[in-house]
Amino acid sequence: MTGKVKRIGGLPLTVGDALIILLVLAAAGVMSAAFAFDRPDGEGDRYAVVISPDGRKEVPLDIAGVFTVNGEGHTLTVAVESGSVYVLDSDCPDRICVSSGRISEPGEMIVCLPAKIMITVETEADAGSVRADGEIDAVAG
Amino acid sequence: MRSRAESGAKRLALDAALLGAALLLSYLESFIPLPLAGAVPGIKLGFANIAVILCAYLISMPDAAALSLCRIVISAVLFGSVTSLWFSLAGGAAALAVLAVIIYSPLRNHISPIGASVACAAAHNAGQLSAACFVFGSADILRYLPALLISAVIFGSITGVIAGRVITAAGSIKR
């Protein structure tokens with residue numbers, strides 16, 4: 001970089017930098033608004049929807065239980081209790097899924113990227129808002 | 001500050017040093033726990049991008065592209081899983097595309113490493129989430145993008161300031 005770039009005031013930012021930052025923040029804002037409108041709020045029984053390389057599985061949230069889900073050589077232990085679902089344990093390297101906590105509302109999700117497993121909550125009224133075609137590893141090749 | 005006048009050996013050595021730095025930065029970053037890591041998957045400091053930005057500004061864009069590619073592959077082999085490799089590549093490719101646009105366009109003189117870093121970070125997050133959409137067959141995961149974009153601005157600014165200072169310091173070193 002030559003020294004000829006114009007900076008704003010005392011900050012090391014240039015006009016271009018400020019524009020980029022504003023653009024990214026604006027995009028974030030627009031997307032937030034769009035998602036807020038699309039928020040599912042249907043009535044009805046809630047289900048935990050688990051999408052894994054094996055396919056899609058729906059588990060009612062009003063019945064307590066524990067089950068395992070496999071994906072890409074990893075195993076997640078998922079628990080359902082008191083109307084919420086969470087990952088009890090996982091053998092994936094990051095364990096982000098375990099620290100994601102509980103979800104109980106449509107729109108919330110728990111994701112395990114190494115295992116290619118995603119858990120969301122759906123109500124009967126909104127069934128179908130999360131589409132899974134089962135062909136999970138088309139990209140991995 | 002293109003390096004066309006630099007010898008091949010010197011350029012290779014610089015690229016290799018930056019690759020080492022990128023891998024080290026990537027490794028160090030994994031030790032810094034981020035508070036929102038559980039709620040927002042994919043949030044990261046992006047320190048390794050400092051080396052890529054340095055390479056793009058001090059050496060050349062093609063070198064930076066090669067650096068980024070090598071760093072992602074080696075880093076995934078050493079620290080990650082095969083699945084994470086594809087997501088990282090998607091993010092890295094998007095970040096490089098944006099960086100190339102900035103470096104090669106007339107805008108270059110109006111954008112400092114800070115802006116470039118923020119743009120790279122935002123592109124990386126967008127690219128990674130888009131790849132995740134394909135993998136999961138669902139667009140729901142895009143709900144995380146707004147939060148990730150905000151983190152891209154914050155962390156991208158930090159890494160950009162660091163890169164900018166190194167570039168300024170490098171410019172004052174006699175060649």
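In the text below, chain A, chain B and the rest are named by the order of the sequence lines, each starting its count at 1.
- Of the listed residues (L142(B), L148(B), L107(B)), the one with the most heavy-atom contacts under 4.5 Å to chain A is L142(B).
- Looking at R56(A) and E122(A), a side-chain N of the basic residue comes within less than 4.0 Å of a carboxylate O on the acidic one, giving a salt bridge.
- For a residue to count as touching a neighbouring chain, one of its non-hydrogen atoms must lie under 4.5 Å from one of that chain's; by this rule S157(B) touches chain A with the side chain only.
- Chain A forms more heavy-atom pairs under 4.5 Å with one residue of G115(B), A147(B), A126(B), G160(B) than with any other, namely G115(B).
- Looking at C112(A), the atoms closer than 4.5 Å to chain B (heavy atoms on both sides) all sit in the backbone: N, CA, C or O.
- In this structure, chain B has a heavy atom under 4.5 Å from the side chain of V111(A), while its backbone stays farther away.
- For I141(B), the parts lying under 4.5 angstrom from a heavy atom of chain A are both the backbone and the side chain.
- Within the 3.5 Å criterion, the main-chain N or O of L85(B) finds no donor-acceptor partner in the side chain of S88(B).
- Between C70(B) and L19(B) the shortest heavy-atom distance is CB-CD1, 3.9 Å.
- Interface remark: A122(B) contributes side-chain atoms only to the contact with chain A (heavy atom separation under 4.5 Å).
- Annotation for P146(B) and A28(A): closest pair CB-O, 3.5 Å, computed over non-hydrogen atoms.
- Residue L19(A) does not touch chain B at all, counting heavy-atom pairs closer than 4.5 Å.
- Remark: E108(A) does not engage R102(A) in a salt bridge, criterion side-chain N to carboxylate O under 4.0 Å.
- With hydrogens and angles disregarded, no donor-acceptor distance shorter than 3.5 Å links the side chain of R11(B) to the backbone of I59(B).
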